[in-house]
Amino acid sequence: MADPSSKPASALVADDIRTALDGLLERRTDQTRLTSMGAGSDDLDNGRAYLAATVEGGWHVPTWPAIHGGRDASPAENQLIGSVLREYVVPDLYPFAIGLGMVGPALLAHGTAEQQDRWLRPIASGAEIWCQMFSEPEAGSDLANVALSAERDGDVWRLGGQKTWTSRAMWAEWGICLARTDPAQPKHKGLTMFVVAMDAPGVEVRPLRQMNNDAHFSEVFVDDAVVADEWRVGDVGEGWRVAMTILGHERAGAGSRGGGDGAKRGTRVPPWIADLVKLEALGGDVRRAEAVSVYAADMASRWTAQRAADEARSGGSPGPAGSGAKLRTVSSYKRRSYLANRAAGAAGMLEDGHGYIETVTAPSMSIRGGTDEIQRNILGERVLGLPGEPRLDRDVPWRDSRKGML
């Protein structure tokens, strides 16, 4: 029998996909429980093994070119593959999500052929991890205000400055870095995107400990680090355009198909509700009503997030709907976590208590990947057409606005 992974994407049917995946992955069961978004987990090995196993068939990033670890799938085939993958145990791909869901699409949209050849397949196979070097101490929500500088020196650039809240930096081989190349231009126009080797001389990573005891965010100090011009992504001064591609995919949640609640195909009662039943925590009408309300919101969140992710994976740029999906996903995660933790009673205060890790992780969800406030601004301005807030520094040289001369 022919290998289903060698068939053209147009010939795929669900049973073909299952035939291929059955030899690579374990099916989900009612007992399957998976970690989510890195909360309490530092497991790189399972995610790396999964990506290495699926890269030959192009199963995880089907719309990517086959030569780069995909299978040239159409949006319809991509959606079918994603649907079937949910029947299998896909590990938490949090460490790999920036490369898979943000850097990869940016390189496909803006990278050179040489850059794509160098970096895309190692991303798809899990061989290399990426981080996103965007936020700075004075440029978080106001991302265009970044100050990390890049000065040209012949065929190389010399970078200097600081980044913060850089997730995955302690694992990453590479960072996608937004830098200031022309301070005389307005803040959005004087930016350029670079790829930085995280082990290069002059690059120092200092992990930040979070209240859930993870250290997945870091400060990154850059002191005269040398970056070859061939590692510049996009034209000089076009960094903001590249950044918007990356952030659009981030909001759409296109990074990974990993994690989740572990529900097998056809399961009607989600595992988190089954767990509450085992705890005998749903005996009252109020608690049951709360669980049903969370479940309804959870399902709406999943459907809208999936729609935004499918749009992002279809080959085009994801739209502002990704901001709505991100808001709903965060709200659903937080409500589900808090309900599970409260249902555990006093035991929920213990580190090994039911829902404890999710509860102390939940507040960060409203900050990571763009704050809730920024997402609402995007929806207000780009979806509802509401007037934006006055931006007096839009056409002012960054070096002047940076000094408070407005």
Side-chain angles (χ1 to χ4, degrees), residues 102-103 106-107 109-112 114-115 130-166 169 174-198 200-204 219-250 317 320 370-371 373-374 377-378 381-382 387-406:
M102 298 159 62
V103 175
L107 289 175
H110 304 286
T112 64
E114 292 76 16
Q115 290 171 345
W130 285 68
C131 64
Q132 175 193 14
M133 297 169 64
F134 280 17
S135 294
E136 298 182 5
E138 295 183 39
S141 295
D142 185 14
L143 178 59
N145 198 35
V146 298
L148 185 143
S149 64
E151 297 182 2
R152 189 151 196 171
D153 183 6
D155 292 333
V156 302
W157 296 80
R158 296 187 177 275
L159 275 59
Q162 178 185 355
K163 297 293 183 179
T164 193
W165 307 121
T166 306
W174 302 98
I176 190 86
C177 180
L178 188 63
R180 178 77 50 191
T181 48
D182 190 351
Q185 291 287 333
K187 63 182 183 180
H188 292 84
K189 296 180 180 179
L191 299 169
T192 304
M193 193 70 72
F194 297 92
V195 172
V196 175
M198 299 305 291
V203 179
E204 179 185 0
E219 297 175 292
V220 181
F221 295 88
V222 183
D223 183 11
D224 198 33
V226 176
V227 174
D229 185 59
E230 64 193 42
W231 290 2
R232 170 176 45 83
V233 180
D235 294 334
V236 175
E238 290 294 314
W240 187 250
R241 186 165 65 95
V242 180
M244 289 300 98
T245 297
I246 293 172
L247 293 178
H249 284 276
E250 179 182 41
S317 297
T371 66
E373 290 76 16
I374 290 296
N377 280 346
I378 292 171
E381 295 178 19
R382 302 183 193 175
E389 294 187 15
R391 294 177 173 86
L392 301 179
D393 58 355
R394 182 181 294 276
D395 300 315
V396 177
W398 175 82
R399 62 188 176 193
D400 294 339
S401 62
R402 176 77 169 177
K403 297 175 182 177
M405 297 180 64
L406 297 182

Review point. Are Ile246 and Gln132 close enough that some pair of their side-chain heavy atoms sits under 4.5 Å apart?
Key: yes
Check your understanding: Taking side chain as C-beta onward, heavy atoms only, is Leu107 less than 4.5 Å from Val233?
Key -> yes
Working to the nearest 0.5 Å, report the span between [atom1] of [X] and [atom2] of [Y].
X: His110; Y: Gln115; atom1: NE2; atom2: CD; answer: 11.5 Å
X: Phe221; Y: Leu148; atom1: CZ; atom2: CG; answer: 11.5 Å
X: Met102; Y: Trp130; atom1: CE; atom2: CH2; answer: 12.0 Å
X: Ile176; Y: Met133; atom1: CD1; atom2: CE; answer: 10.0 Å
X: Asp229; Y: Phe194; atom1: CG; atom2: CZ; answer: 7.5 Å
X: Leu159; Y: Cys177; atom1: CG; atom2: SG; answer: 5.5 Å

Donor-acceptor pair, distance only, cut-off 3.5 Å: does the side chain of [X] make one with the backbone of [Y]?
X: Asp224; Y: Gly160; result: no
X: Lys163; Y: Leu178; result: yes
X: Glu136; Y: Ala147; result: yes

**Study point:** cation_pi(Arg232, Trp157) dist<6.0 Å, angle<=45
**Key:** no
Identify the two heavy atoms, one from [X] and one from [Y], that lie closest to each other, and give their separation to 0.1 Å.
X: Ala179; Y: Ala150; result: CB-CB, 3.8 Å
X: Ala106; Y: Thr245; result: CA-CG2, 4.1 Å
X: Glu381; Y: Gly388; result: OE2-CA, 3.4 Å
X: Pro397; Y: Ala184; result: CB-O, 3.3 Å
X: Met198; Y: Ala169; result: CE-CB, 4.3 Å

Review point. Can you name the residues that form a side chain to side chain contact (heavy atoms under 4.5 Å, CB included) with Pro137, not counting sequence neighbours?
Key: Gln162, Thr164
Exercise for review: Start with the C-alpha gap between Val220 and Val222, add the side-chain angles, then the distance that decides, and say whether side chain to side chain contact (heavy atoms under 4.5 Å, CB included) holds.
Suggested key: CA-CA 6 Å; Val220 181; Val222 183; 4.2 Å; yes
Practice item. List for me each residue that meets side chain to side chain donor-acceptor pair (under 3.5 Å) alongside Thr181, sequence neighbours excluded, and say none if there are none. Key: Thr192
**Study point:** Residues that Arg241 engages under side chain to side chain donor-acceptor pair (under 3.5 Å), provided they are two or more places apart
**Key:** Glu238
Study note, to complete from the structure: Those residues at least two apart in sequence (or on a different chain) that pass ring-ring contact (aromatic ring centres under 6.0 Å, His included) with Phe134 are none
**Study point:** Qualifying residues under ring-ring contact (aromatic ring centres under 6.0 Å, His included), relative to Trp165, sequence neighbours excluded
**Key:** none
Practice item. May I ask you to decide whether Arg158 forms a salt bridge with Glu151, counting only side-chain N to carboxylate O separations under 4.0 Å? Key: no
Practice item. Sort and list the pairs that fulfil salt bridge (Lys or Arg N to Asp or Glu O under 4.0 Å) and have at least one residue in residues 181-198, not counting sequence neighbours. Key: Asp142-Lys187, Lys187-Asp393
